[in-house]
Enquirer: 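Got a structure here, written out as structure tokens. Questions coming.
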Amino acid sequence: MKKYAYTLKVDEKSDVYSFGVVLLELITGRRPVGNFGEDGLDIVQWIMMQTNGNKEMVMKILDERLHHIPLTEAKQVFFVAKLCVHEHSVERPTMREVVEMLAQAKQPNTFRMQ
């Protein structure tokens with residue numbers, strides 16, 4: 001009986017993709033798979049269908065519980081998430097770049113604890 005070794009290539013760009021999915025979950029309030037109207041559709045595909053990849057369309061997918069967040073911040077987080085889930089891993093940013101972009105998205109005095 002032959003044994004086959006399967007290796008899954010997991011690297012920083014895979015982690016960046018996963019982080020992008022988490023950002024999309026936070027923005028939309030939805031789970032990464034299921035209930036997107038079509039079988040087999042995931043959150044990344046649904047987002048692209050809803051917004052055509054345009055951050056100006058973020059209101060179409062924004063979780064209603066995030067109404068108090070400035071729209072400019074939501075757009076920037078969506079933009080970062082979209083970069084993270086780019087189909088081609090070489091086009092994805094590094095985690096260091098992601099952190100820098102997210103830090104730039106935060107406007108002063110807009111975070112409120114509830």
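What you see is a predicted model, and the numbers here were worked out from it, not measured in a lab.
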Enquirer: Rounded to the nearest 0.5 Å, how far apart are CG of L24 and CZ of F78?
Expert: 7.0 Å

Enquirer: With no hydrogens and no angle check, is any side-chain donor or acceptor of H86 less than 3.5 Å from a backbone partner on L83?
Expert: no

Enquirer: According to a hydrophobic-cluster definition based on side-chain heavy atoms being under 4.5 Å apart (Ile, Leu, Val, Met, Phe, Trp, Tyr only), do M59 and I61 belong together?
Expert: yes

Enquirer: How many angstroms lie between CE in M95 and SG in C84, if you round to the nearest 0.5 Å?
Expert: 6.5 Å

Enquirer: Could you check whether any side-chain heavy atom of I47 comes within less than 4.5 Å of a side-chain heavy atom of V44, counting everything from C-beta outward?
Expert: no

Enquirer: Does a side-chain heavy-atom distance below 4.5 Å link V16 with P93?
Expert: yes

Enquirer: Tell me whether V99 is reachable from L26 by hopping between hydrophobic residues (I, L, V, M, F, W, Y) whose side-chain heavy atoms are closer than 4.5 Å.
Expert: no

Enquirer: Under 3.5 Å, side chain of D63 to main-chain N/O of R65, donor-acceptor pair present?
Expert: yes

Enquirer: Are any side-chain N or O atoms of Q76 and backbone N or O atoms of E73, one a donor and one an acceptor, separated by less than 3.5 Å?
Expert: no

Enquirer: At what distance, to the nearest 0.5 angstrom, does NZ of K60 lie from CE of M49?
Expert: 9.5 Å

Enquirer: Under a 4.5 Å side-chain heavy-atom rule over Ile, Leu, Val, Met, Phe, Trp and Tyr, are M57 and V80 clustered together?
Expert: no

Enquirer: Tell me the closest heavy-atom pair linking A74 and I69, and the distance in Å.
Expert: N-CG2, 4.3 Å

Enquirer: Can you tell me how far apart CD1 (I43) and CE (M48) are? Round to the nearest 0.5 Å.
Expert: 12.0 Å

Enquirer: For the residue pair F19 and L102, establish whether any side-chain heavy-atom pair is separated by less than 4.5 Å.
Expert: yes

Enquirer: Measure the spacing between CH2 of W46 and CG of L41 and express it to the nearest 0.5 Å.
Expert: 9.5 Å

Enquirer: Considering only residues two or more places apart or on different chains, which pairs with a residue in residues 17-34 satisfy side-chain hydrogen bond (donor to acceptor under 3.5 Å, both in side chains)?
Expert: none

Enquirer: How many angstroms lie between atom NZ of K75 and atom NZ of K82, to the nearest 0.5 angstrom?
Expert: 12.5 Å

Enquirer: Do side-chain atoms of K55 reach the backbone of F79 as a donor and acceptor pair under 3.5 angstrom?
Expert: no

Enquirer: Please find the pair of heavy atoms, one from L23 and one from A81, that lie closest to each other, and give the distance.
Expert: CB-CB, 3.7 Å

